[in-house]
Amino acid sequence: MPGINPPDRYTGVAIALHWIVAVLIVANVVLGLVADDIPDSYVRAVIDLHKSFGITVLGLVLLRILWRLAHRPPPLPASYSRLEQVASHGVHGLLYLVILALPISGWMHDSAWKGAASHPMSLYGLVPWPRIGWIESIEPVQKEHLHDIFFAAHAAAAYALYALLALHIIGALKHQFWDREPELQRMLPGG
Ligand code: HEM
């Protein structure tokens, strides 16, 4: 594969944040989906880990957005057609939106849970983490209804994530192997 120069690569921090967030998101999709099908004795621990990963993703994505604002990403390769440029920017923008929507909707869903008061949230069993106060204080019947609505939003965001991830990965592989551009090298550690 041809080499690639620093101006065409993301910064080390952007690369680290990209891959840490990617791993945590994939792990969280798995944890969220298996939570319904595992023995009861594991369910609480799995959902608690899911929440911890999710809040971590929220923090890292906010950091990533701030980093991106301060460090312009490398320009898209000149070989991209106009359509590919628009699609690439569109998918990246929507991915940021969905990756923010997932933990926020999950946190809202969890804050509307009737068992919230008797099961305080804690990141990795180490750091106490608050629920969203205005949601917790809604009266119980309406809160139960919102609990369902927020879960529907959380699950819908997950479906949007699957579609966007598929486009993102297909696009990257197409440029790398079909067009033979050093696409992955832009976002891989090591240069
Ligand atoms: C990267 C962030 C996140 C991702 C990718 C994610 C993904 C998912 C997925 C795929 C599901 C299963 C949906 C379904 O059954 O159709 C789920 C369920 C759930 N999520 Fe998340 N989630 C994230 C963050 C959060 C956060 C921050 C919280 C709470 C603080 C949370 C709370 C929950 C809960 C309570 C469930 C229901 C689990 C069950 O009872 O089966 N999620 N999540």
Side-chain angles (χ1 to χ4, degrees), residues 10 13-68 90-138 140-172 187:
Y10 284 84
V13 172
I15 293 174
L17 288 172
H18 175 276
W19 290 108
I20 295 169
V21 166
V23 168
L24 287 175
I25 285 181
V26 171
N28 237 16
V29 167
V30 173
L31 293 176
L33 291 176
V34 300
D36 280 341
D37 303 312
I38 53 176
D40 284 353
S41 49
Y42 294 108
V43 170
R44 237 359 331 130
V46 164
I47 295 183
D48 284 348
L49 185 62
H50 177 89
K51 294 177 194 175
S52 297
F53 279 176
I55 296 296
T56 308
V57 165
L58 181 58
L60 292 178
V61 165
L62 291 174
L63 205 63
R64 198 169 158 204
I65 291 172
L66 290 178
W67 185 266
R68 196 179 200 279
V91 169
H92 292 165
L94 289 173
L95 270 171
Y96 276 110
L97 272 184
V98 163
I99 294 171
L100 283 172
L102 269 161
I104 292 172
S105 59
W107 193 14
M108 292 173 84
H109 166 65
D110 190 61
S111 300
W113 177 35
K114 59 175 181 281
S118 57
H119 193 87
M121 231 182 110
S122 156
L123 296 187
Y124 305 100
L126 297 171
V127 184
W129 188 259
R131 298 286 189 347
I132 302 170
W134 66 267
I135 297 180
E136 262 192 309
S137 58
I138 293 171
V141 175
Q142 200 195 349
K143 195 160 72 172
E144 191 58 28
H145 181 53
L146 284 175
H147 185 247
D148 293 343
I149 292 180
F150 292 147
F151 181 72
H154 195 53
Y159 283 113
L161 174 77
Y162 307 149
L164 289 167
L165 266 187
L167 290 173
H168 184 62
I169 293 169
I170 290 168
M187 195 45 112

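Numbering of ligands and ligand atoms starts at 1, following listing order. Heavy atoms only: backbone and side chains are in, while hydrogens, waters and symmetry mates are out.
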Derivation of the side-chain contact (heavy atoms from CB on, under 4.5 Å) call for Thr56 and Leu123: CA-CA 9 Å; Thr56 308; Leu123 296 187; 5.6 Å; no
Chi angles and distances behind the side-chain contact (heavy atoms from CB on, under 4.5 Å) call for Trp129, Trp107: CA-CA 11 Å; Trp129 188 259; Trp107 193 14; 3.3 Å; yes
Leu102/Asn28 under side-chain contact (heavy atoms from CB on, under 4.5 Å): CA gap, chis, key distance, verdict: CA-CA 10 Å; Leu102 269 161; Asn28 237 16; over 6 Å; no
Might you work through the side-chain contact (heavy atoms from CB on, under 4.5 Å) test for Lys114 and Glu144, ending with a clear yes or no? CA-CA 7 Å; Lys114 59 175 181 281; Glu144 191 58 28; 4.0 Å; yes
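Within the structure, the closest approach of Phe150 to ligand 1 does not fall below 4.0 Å when heavy atoms are considered. Using 4.0 Å as the threshold, Trp129 has no heavy atom nearer than that to any atom of ligand 1.
When atom types are taken as modelled, the side chain of Lys143 and the backbone of Glu136 share a donor-acceptor pair closer than 3.5 angstrom. No side-chain donor-acceptor contact under 3.5 Å links His109 to the backbone of Asp148. With His154 contributing its side chain and Ser105 its backbone, the two residues share no donor-acceptor pair below 3.5 Å.
Considering all non-hydrogen atoms of both residues, His18 and Arg64 come closest at CD2-NH2, 3.6 Å. Here the closest heavy-atom approach between residue Ser111 and residue Ile132 is recorded as OG-N, 2.9 Å. Scanning both residues, Phe150 and Met108, for their nearest heavy atoms gives CD1-O, 3.5 Å.
Of all protein heavy atoms, the one closest to atom 27 (C) of ligand 1 is Pro103 O, 3.5 Å. The protein heavy atom nearest to atom 41 (O) of ligand 1 is Asp36 OD1, 2.9 Å. Protein heavy atom closest to atom 18 (C) of ligand 1, with residue, atom name and distance, is His154 CD2, 3.7 Å. Shortest contact from atom 2 (C) of ligand 1 to any protein heavy atom: Asn28 ND2, 3.6 Å. Taking atom 32 (C) of ligand 1 as the reference point, the nearest protein heavy-atom neighbour is His50 CD2, 3.6 Å. Counting only heavy atoms of the protein, atom 14 (C) of ligand 1 lies nearest to Phe151 CZ, 3.8 Å. Of all protein heavy atoms, the one closest to atom 5 (C) of ligand 1 is Leu102 CD1, 3.7 Å. Nearest protein heavy-atom contact of atom 9 (C) of ligand 1 is Gly32 CA, 4.0 Å.
Of all atoms in ligand 1, listed by their number and element, those nearer than 4.0 Å to a heavy atom of Met121 are 30 (C). Atoms of ligand 1 lying under 4.0 Å from at least one heavy atom of Gly54, given by number and element, are 2 (C), 24 (C), 27 (C). Listed by number with element, the atoms of ligand 1 under 4.0 Å from a non-hydrogen atom of Val57 are 1 (C). In summary, the atoms of ligand 1 found under 4.0 Å from a heavy atom of Ala158, numbered by their order in the structure, are 10 (C). The Ala155 neighbourhood of ligand 1 comprises atoms 16 (O), with distances under 4.0 Å to a heavy atom of that residue. Residue Ala35 has at least one heavy-atom neighbour below 4.0 Å for each of these atoms of ligand 1: 41 (O). Each of the following atoms of ligand 1 lies closer than 4.0 Å to a heavy atom of Tyr162: 10 (C).
The environment of Tyr159 atom OH is sparse: at most 12 non-hydrogen atoms of other residues, nucleotides or ligands sit within 6.0 angstrom. A 6.0 Å sphere centred on OH of Tyr124 holds more than 12 heavy atoms belonging to other residues, nucleotides or ligands. His92 NE2: more than 12 foreign heavy atoms inside a 6.0 Å radius.
For atom 40 (O) of ligand 1, the candidate residues are Val43, Ile47, Val34; the nearest heavy-atom contact is made by Ile47. Comparing Trp113, Trp107, Phe53 by heavy-atom distance to atom 30 (C) of ligand 1, the nearest is Trp107.
Residue contacts with ligand 1, taken as heavy atom pairs separated by less than 4.0 Å, do not involve Leu24 at all.
Look at His109 and atom 21 (Fe) of ligand 1: no N/O/S atom of the residue is under 2.8 Å from the metal.
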